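The model shown is predicted, which means the values in this text are computed figures rather than measured ones. In what follows, every chain begins at residue 1, and chains take the letters A, B, ... in the order their sequences are listed. Computed over heavy atoms, backbone and side chain alike; hydrogens, waters and symmetry mates excluded.
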Amino acid sequence: MPTVTINQKSLTVPEGTTIIQAAEQLNIEIPRYCYHPGLSIAGSCRMCLVEIEKMPKLQPACNTRVTDGMVVTTQSPKVKEAVSGVLEFLLINHPLDCPVCDQAGECYLQEYYMKFGLHDSRMNENKIKRHKAEVIGPHVILDTERCVLCSRCVRFVREVSRSHEIGIFNRGGQSEIRLLPDQVLDNNYSGNVVDICPVGALTDRDFRFQCRVWYLSKADSVCNGCSRGCNITVEANRQRAHHGEGRRVMRLKPRFNKEVNRWWICDIGRYGYKFIDDPSRLIQPLEKQGDELEPLDWSTAAERAVGRIREAKQRGGAGSIVIVASPQLTNEDLFVTRKFFGVDLGIDQIDFRIPDKNTLSDDDFLLRADRNPNTRGAEAILLDGGGFDLQRIIESASTQSFGLLYLCEQDLVKKLGSEPARRFLGQFDYVIYQGSNENETSGLANLVLPAATYAEVNGTFTNFEGRVQRIHAGIEPLGDSLPAWRVICKLAQTAGFDYGYESAAEVFVELAQTVTEFEGLSYEKIGSEGMKLPETQPVPA
Amino acid sequence: MNRRDLNFAERLYLSEVFKGLWLTSGHFFSNMKKHLARQLGFTRIEKGAVTFQYPEERRPFSPRYRSRHRLTQREDGSPRCVACMMCETACPARCIYIVAGEHPDPNIEKYPARFDIDLGVCVFCGFCVEACPEDAIRMDTGIVEIAAYSRKEMIYHIEDLLQ
Amino acid sequence: MIVNIGIELAKVLAVLIGVLNLAAILTWMERKQSAVMQDRIGANRASIFGFRMFGLFQVLADGLKMFVKEDFIPAQGHRFLHGLAPFVAAFFALIGFAAIPFGDTIHLFGREIPLQIIDLNVGILYIFAAMSLGIYGVVLAGWASNNNYAFLGGMRGSSQMFSYEVTIGATILGVLMIFESMSLQQIVRAQGQLLWGIVPKWGVIVQPLGCILFLVAGIAETKRVPFDLPEGESEIIGFFVEYSSMKFGLFMLTDFVETVLIAALVTTLFFGGWQVPYLMADGWHLPGGTLLAWPQWLVAITQVIAYAIKVFFFCWFMLLVRWTLPRFRYDQLMRLGWQMIFPLSILNLLATAVVILLLN
Amino acid sequence: MPELALLTHVQHRNLMTVEEYRQTGGYEALRKVLLEMKPDQVIEEVKKSGLRGRGGAGFPTGMKWSFIPKNSEKPKYMVVNSDESEPGTCKDRVIIEKTPFLLLEGIAISSYAVGSSTCYLYIRGEYYDQAMILKQAIEDAYRHGFLGKNILGSGYNLDVYLHRGAGAYICGEETGLLESLEGKKGWPRLKPPFPAISGLYGCPTCVNNVETLAAVVSIIQNGGDWYAALGTPKNGGTRLFCVSGHVKKPGTYELPMGIPLRSIIYDYAGGMKDDRKLKAVIPGGSSVPILTADEIDVKMDFDSVAAIGSLLGSGGVVVINEDTCMVKALLRIARFYAHESCGQCTPCREGTTWLKKTLQRVYEGDARQAELDQVLSIAFNMMGTTICPLADAAAMPVRSYIQKFRHEFEYHVQHKCCDVKPAVRI
C-alpha cells in the first residue's frame, strides 16, 4: 500500500492506483480529456501532466502509477504552463462555435479554459476546416472541428460496445474521427459516446437545439426501461416553457453506479422518456359516457370507483373482482395497492403478470428482456404468499363473468393483441384503468384514473438482482395526475379507511415493516447506490 | 452627517424665506424678460428655457443610448443570430423567447426559428447586447416611442426585429 | 326694485365670474410660473385649431378632462356626503367674496352703487365664518371616503385650519383697532388717509408684523405650500385621495378660490384695497397740495384696476412661495402655528393697543 | 585509416551470399556464441563493450537486453528497427546493401542473448531493394542453417520475419513500430509499460537498431574490451556517420566514436564543396539542434555532443554552407514533422502544424517580428509533453535555428526576402 503526497496532502492507496485516481480521492482536480475511468488509458491529450519529484519531465497522471513516497505537484508553475500550453494547442483549431454547440455549459474545453487557460489567441493563421454537423448514427451527430481527438469514443466502441464503428483517420493535424467504411454508429449504446465526449464533437440528435444545459434541473432516478435498473439522472427544463416544444424532461443521462450500470446506459432506456410529456398523457379522471370519455373531478371519480368496487363485492363477492397491478409501479405503489385491495377489501385476486405476445430480447451487456423496472419488487410484495394466477384466466379464454377489473399501467391490447384483450375485458362488468398515458386499453375502460410517471414520483424500484434503488421526482405530476400510491390512498380514504401517508417515505417505512423481504430497509440505507434485498434469487431474464 | 448649527437669522426662517423668494423671483423675471423679448421678435436674445420641444425638436441620442432592439443581418439578409440563448439567459426580465431550428448550412447549424422580445416586459438594461457573442442583437435603432394598444402587440417578433 | 335686484345680480355675477376665472387662470399660471422660474416652458400643448395661446387652453382641456373622467366613489363610502363635501368646500370659499369691496361707491345714472356685493358692518367676521365652515368640506371628504388615510388627512387638514384661524383672528384685531371698523369698506376707506401728509395709511404701514403673520396664516389656511400637507397625495395622503373627476376638480378649484380670497383679504386689510395713493374721488392730491382733477368715472376704473392688480400680485406672490419653499412636516406646522405665529400675533396685538393708548 | 568494426570486409566488395560472408570469417561469432557462451555471458560482453543504441537515443544496449525478463511465460520477441527515416541518415541501408548477413548474424546472437526465438525485421517501406536483398539473405541463411530450427546443432531455434513498413516516420519510434507491426495505426504507446516488459502482442520485446545488432558481431568476435577501446569512455566502438550536404565527398563513413566533427567534414568528406564557407552542421539527423561553424570542434560521441546542447542522434551529419537560407531549411524540416506527426498527442499534433504555418509566413515575410518569439514559445510548449519524442524532434531544431540564426529570420520578416540571396524575391 504505497503512500503518495499530492499537493502536500498524503494518502495511502492500493497498489496500482494511478495519480489521477489518488488525486480524485483527495478532491484535487487534475484536468483530463482522454482519461475516462471506464476506458483504457490513452494518455494522448496531455492535459493531466503533473510534476513528480525526482523526475525530470512532467508525467501524465492518468498513466503514472503511484509508488511509495512519491511526491506529486499539480500546481507548480511548470505544470500550469504545460497545461495552459496544451490547452492552447487544443483551442487553436477549435471553431469556438460555443453559441451553436449543445455542449456549451458542460464542455470541458470551456471549463478548463476558465480554470487553466484564460490566454488570448496567438493563432494568426486560418483554422483547419473539417467536417461539421455530420450525422453518424440514429442518435449521434459529429462535428470534427470541435473534436479534441481524445479518442474516448473510439475506445468506447472498441472496448465497451465492441461494435467498432468509428476510428481516427489521417494523421497529424489532419486527424479526425470518422465512421469506418460502411458503418453507422447505431449500436444500442451509441448515446454513451455523447456522454463521454468531453467537448461538443459528439452531440445528441434527440437533444440537439432543444434546450441549453444551464436551464436543466437534475434529479437522480432509475431507468424504467428494463429490469437492469440503470441509474440515471432525469434532466428537466422547468424554467423556459417555450423550449423543446414544451417538453419538460429533456434528456436522461446515466449516473455512475459501480454495481449496476457503471457509466453506461442503453439507447432504449436513454430515449425511452418521451411518454412523460407526450400529448397522450392522462391529466384528469375520465368516465365513459356512451362512447366518449368525459372528464370529472377527483372526488367524484374516487366515489364512483369505490362505489363500483363495493357494488361488485356485494353482488359477486371478493372473487368477482380482479386487480391487475404492474411491474412499472414503484414498490410503494404496489404496497399500497396490496394493502387496500388485498388486506382492507379482502380481494385476493391480485396479479401483475401479463403474458406479452411481443418477444423482446436482451443483449449481453445492460439491456434485459424484461422491460419492467420492478418485476422483482412486484413479486416480493404481491406474490408474498398469494397463489392467484391471472395468466390462466387469460389463456383459458373462459366465459366466466366477473364484476370489476382494476387495471394499473398495463396496455392489454398491446401485450395480448386486440382480440384476446377485448375478450378478456368483456368478461368484466366494469373496468377501471389507472395509468399515465392514454392507450387502446384505457379507451376500453369505464373509468380512467390518471397516474404520474416515474419521473414525477418519489419511490423505489427493485431490479432483477433484488437491488432496491431510489427514484426522485424531477418534475411535478402533469395536470391532475397523481402518483399511483396517492390514487389508491384517495380511493381508500373515500372508502373510509385511514390512509394518512404524507410521502412515499412513510409508505416505505410501513412496507419495510410488513413485507418480509424488505425487512430492515430504509431510504437512508438504500442511499444513492441502492441496496440488495437479502437472500434473493435473481428473476430469470 | 455633520450638520452645521443654524445661526439666529437662519433659525428665524423668515430671512431665508425671502432669500429663497429673491432667488426664484430673480429667475422668474429674467426668464420672463427673455421670453417677452423673443416674443417681440428679438430672436438673438437667448432662450428663457432649457427644455426641448420634444416631438418637433429632438436631441441626438448618445451612441451608447439603449433604444429598441434590432437583430442584425448577414449579407443575405438572414439573421446573424444563431439562437445560442445567451441573451435569453442573461435577460433579467425574461422577456426574450427563442426557439432554435436546424439550419441547412452546416457552418451556421442553428438559427432562431422564433425570436420574440416582449417589450412590455423589457427593462432596456442592454444585457442581451452585452451577452451576444455574434453581435446579432443591438439596441441602436434610436426608436424610443414603443407603444401599443395591447400587451400582445408589445411582443416583437423576428420579422419586426430584423427591420 | 327690479333695477336694484338687477344691479345686485350683476355685481354677484361679476364677482363670481371674476373669481372663478381668476382661479381657473391660476391653474394655468401655476404651471407657467413654475416653468418660468425653473427655466422651463410649461404647458403649451393644448390647442384649438392650431392656436395654442401660450397654453391657456390647457385650462379648458383640464376642465373637459375633469368632466369626462370616471366619477369614482369608494365601495363603502357615504355616497351623499362624499358628493356633498367638495360642494361645501367650494361654496364656503366662494361666499366669502360677498363682503369684499372691489371699488369705491360709484354714482351712475343718479344711483349710488357701492362696488361691493354687500357692505356688512361685520364683514370681516362674516368672511371668517365662511372660511371656518370650509373645514366641513375637508372633514366630510375625509370621513365619507371610508378610507383611513383620507380620514386621517381630513383630521389633519381640519386641525391645521383651526390652528391657523386662531392666528388670523388675533392678527386682524390690530387692524380693526386701528381702523375702528369691521366693515371692510370702512377699513379700505380709512386706508385712504395719509400719515404725516405723505405716507398712505395702509395696514402694512401701521401693522407690518400683523401683515406678515396674516399672510403666513392665510396661506396655511388655504392649505397651500409650504402648508400643503393635505395635498401631499403621494407622501402622506390627504383627505381627497378618494376623489376623482370634477369632484376632485372642485377641491382643486376651492384651493385656488381660497388663494384669491386670501389675496383679496390681504389687499383689503393691509394694502389699501382699491385705494391708490393720493388718488381721491376728485383726482390726484399730490403731497405738495396740488390737485390734478380727474373725472369720477376714470377714478373709479383706476381704483378697480388697482384693486385687481393688487389681488393679482398676491396671487402671483403665493405661487412664487409655492414654487420656492419645501413643505413643512406636520409637527413643524403645528409648532409654527401655536408656538411662534400665535404668540407673535398676541404680542402684536398688545403692542398695537399700547401705541393706540399712548397716541390718544 | 582507423580500425573498423562493421564495414571491415566490405570496403571493396559486397558480401551478398552466405559463402562470401563466411569467407571473411562470417558466422564465426554466432558459432562461438551458440556453442560456447551462455546468454548472460553475451549480455556481459556487450555491456563491457560500451555499445550504445545506434538508433538515436543512445541507450546502453547491454542494459536494455538485461531488462528482458528471464523467466517469462510469454514468448519473447526480438524486433529489428530498420525503419530508417530520419532525414540525413542512411547507415542501415549501407549495412543491408553491403553485408546483410552481418545483420542476420547480429540478430541471431542478440536473439539468443535475450532468449527470443522469433525476430521481426521491420524495414522501411521505401527500402524496397534493400528488403529484397534481406529477403534473399534470410532465405539463404535458412538454407544454410543459420536461421530456423536447431541452428548449428545448438538446439537454438530462431525465425526471422521481414516486415515492410508503409512509409511513416513515426514507425521508427519503437512503440509506434510495434503497433504498426501488430497491424494497427503507428501510434506510439504510453510508457510504462516499456517494451521490455510488454511489447509486441503484450510480450517482452527487445527492439534494436540495425547498426547496433551489426556491431554485436564484432564485439563477440574481438571481445567487448577491444570494441570499447575503439571509441571513448562510455561511448564504445565505431559508428556510421552519414555525411551529406555541401561537402565534396558525401557518404557513409565508419569512424570511431569521439572523432572531431571537423575531422569528419574536412578529413574524410573532403571539405566544403566549391570551397564555400561552412555555415552550420546538423550533427545527428534533422531532429537535433543545429551546430554553428564555430562548434565543429566537438567530439562526436553521445556525451560530448550533448554537452554543447545538441545530440548525436542517428549520426546523420548534414553540412550546410553559407549560401543556404536557414529559414527555408527550417521550414523544410517543420513541414516534414507536421507531415509525420501521428496526431495522437495534442502538443505534437497541433504544434507541428502551427509551427509549419507560422514558419511559412515567416519565410514569406508575412509575419511580425514578435512572432519569432511566439514560435520559440510554441516550440517550448511542445517539448517534453508528449508520449514519444517526435514533438521534441520538431521543436528542438526550431529553437536552435532561431536562436543561432535569428538575424536571418528577422531579415525575412523585415524585408520579405532572404539575406543570403537578397536579390531573389520570395
Side-chain angles (χ1 to χ4, degrees), chain A residues 18 33-35 40-49 51 55-60 62-65 67 78-79 81-94 109 119 121-128 147-151 154 158 167-177, chain D residues 166-171 176 184-193 335-362 366-368 370-371 373-375 377-392 394:
Chain A
T18 58
Y33 288 114
C34 65
Y35 172 76
S40 65
I41 292 163
S44 63
C45 72
R46 314 312 281 179
M47 278 298 283
C48 64
L49 294 174
E51 194 168 358
M55 290 211 190
K57 291 213 294 187
L58 301 177
Q59 298 295 322
C62 63
N63 190 46
T64 310
R65 281 160 205 271
T67 54
K78 201 174 160 190
V79 175
E81 197 183 346
V83 171
S84 161
V86 172
L87 202 55
E88 183 183 24
F89 285 131
L90 285 172
L91 286 168
I92 54 169
N93 283 313
H94 187 84
L109 272 176
H119 36 62
S121 173
R122 297 193 290 174
M123 178 82 164
N124 297 313
E125 290 81 18
N126 291 331
K127 290 175 186 271
I128 298 174
C147 180
V148 293
L149 290 161
C150 69
S151 78
V154 176
R158 268 187 211 152
I168 297 179
F169 286 70
N170 301 332
R171 71 180 181 207
Q174 300 300 320
S175 307
E176 60 179 25
I177 303 276
Chain D
Y169 172 73
I170 194 60
C171 292
K184 300 181 199 159
K185 206 172 167 178
W187 275 14
R189 293 178 187 171
L190 271 178
K191 284 158 273 189
R335 276 184 189 153
F336 174 78
Y337 286 107
H339 186 252
E340 292 297 346
S341 167
C342 79
Q344 186 177 202
C345 303
T346 310
C348 176
R349 176 181 69 233
E350 305 293 342
T352 51
T353 316
W354 194 4
L355 282 181
K356 179 189 82 175
K357 285 181 180 173
T358 311
L359 287 171
Q360 179 76 37
R361 292 193 304 112
V362 169
D366 289 339
R368 286 170 291 113
E371 285 184 61
D373 292 319
Q374 185 180 314
V375 167
S377 156
I378 297 167
F380 177 80
N381 283 342
M382 287 166 65
M383 286 176 69
T385 54
T386 49
I387 293 174
C388 83
L390 192 137
D392 300 62

Name the option with the most non-hydrogen atom pairs under 4.5 Å to chain A; the candidates are [options].
{"options": "D:G186, D:P188, D:P192, D:A168", "value": "D:P192"}
{"options": "D:Q374, D:M383, D:Q360, D:K191", "value": "D:Q374"}
{"options": "D:G384, D:A367, D:C345", "value": "D:C345"}
{"options": "D:I170, D:T386, D:D366, D:L390", "value": "D:T386"}

Checking [X] against chain A: side chain, backbone, both or neither under 4.5 Å from a heavy atom?
{"X": "D:M382", "result": "both"}
{"X": "D:T353", "result": "side chain"}
{"X": "D:T352", "result": "neither"}
{"X": "D:I378", "result": "both"}

| message | Holding to side chain to side chain donor-acceptor pair (under 3.5 Å), I want the full list of residues that pass it with A:Q59, two or more places apart in sequence or in another chain. | response | none
For chain D, find which of [options] contributes the most heavy-atom pairs closer than 4.5 angstrom.
{"options": "A:V148, A:I168, A:I41, A:I128", "answer": "A:I168"}
{"options": "A:I92, A:N170, A:N93, A:V86", "answer": "A:I92"}
{"options": "A:P60, A:S151, A:G85, A:G43", "answer": "A:G43"}
{"options": "A:M123, A:Q174, A:R46, A:K57", "answer": "A:R46"}
{"options": "A:N63, A:N126, A:T64", "answer": "A:N63"}

| said: What verdict does the side chain to side chain contact (heavy atoms under 4.5 Å, CB included) test give for A:R122 and D:W354, after you've listed the backbone C-alpha separation in whole Å, the side-chain angles of each residue and the deciding distance to 0.1 Å? | reply: CA-CA 10 Å; A:R122 297 193 290 174; D:W354 194 4; 4.0 Å; yes
| From CA spacing to verdict: side chain to side chain contact (heavy atoms under 4.5 Å, CB included), A:N124, D:R368 | CA-CA 10 Å; A:N124 297 313; D:R368 286 170 291 113; 3.4 Å; yes
| field | Exceeds 12 heavy-atom contacts within 6.0 angstrom, atom CZ of D:R361 | value | yes
| request: State, to 0.1 Å, how close D:F380 and A:E81 come at their nearest heavy-atom pair, and which atoms those are. | output: CE2-OE2, 3.2 Å
| note | Taking every heavy atom of D:C342 against every heavy atom of A:S175, the minimum-distance pair comes out as O-OG, 3.9 Å
| Atom CG of A:L149 and atom OG1 of D:T346: how far apart are they, to the nearest 0.5 Å? | 8.0 Å
| remark: Rounding to 0.5 Å, atoms SG (A:C150) and CD (D:Q344) come to a distance of 12.0 Å
| task | State, with a plain yes or no, whether a side-chain heavy atom of A:R171 is found less than 4.5 Å away from one of D:R349. | result | no
| field | Those residues that, when tested against D:R335, pass salt bridge (charged side-chain N to carboxylate O under 4.0 Å, His left out) (two or more places apart) | value | none
| Region of A:L90 that comes under 4.5 Å of a non-hydrogen atom in chain D | both
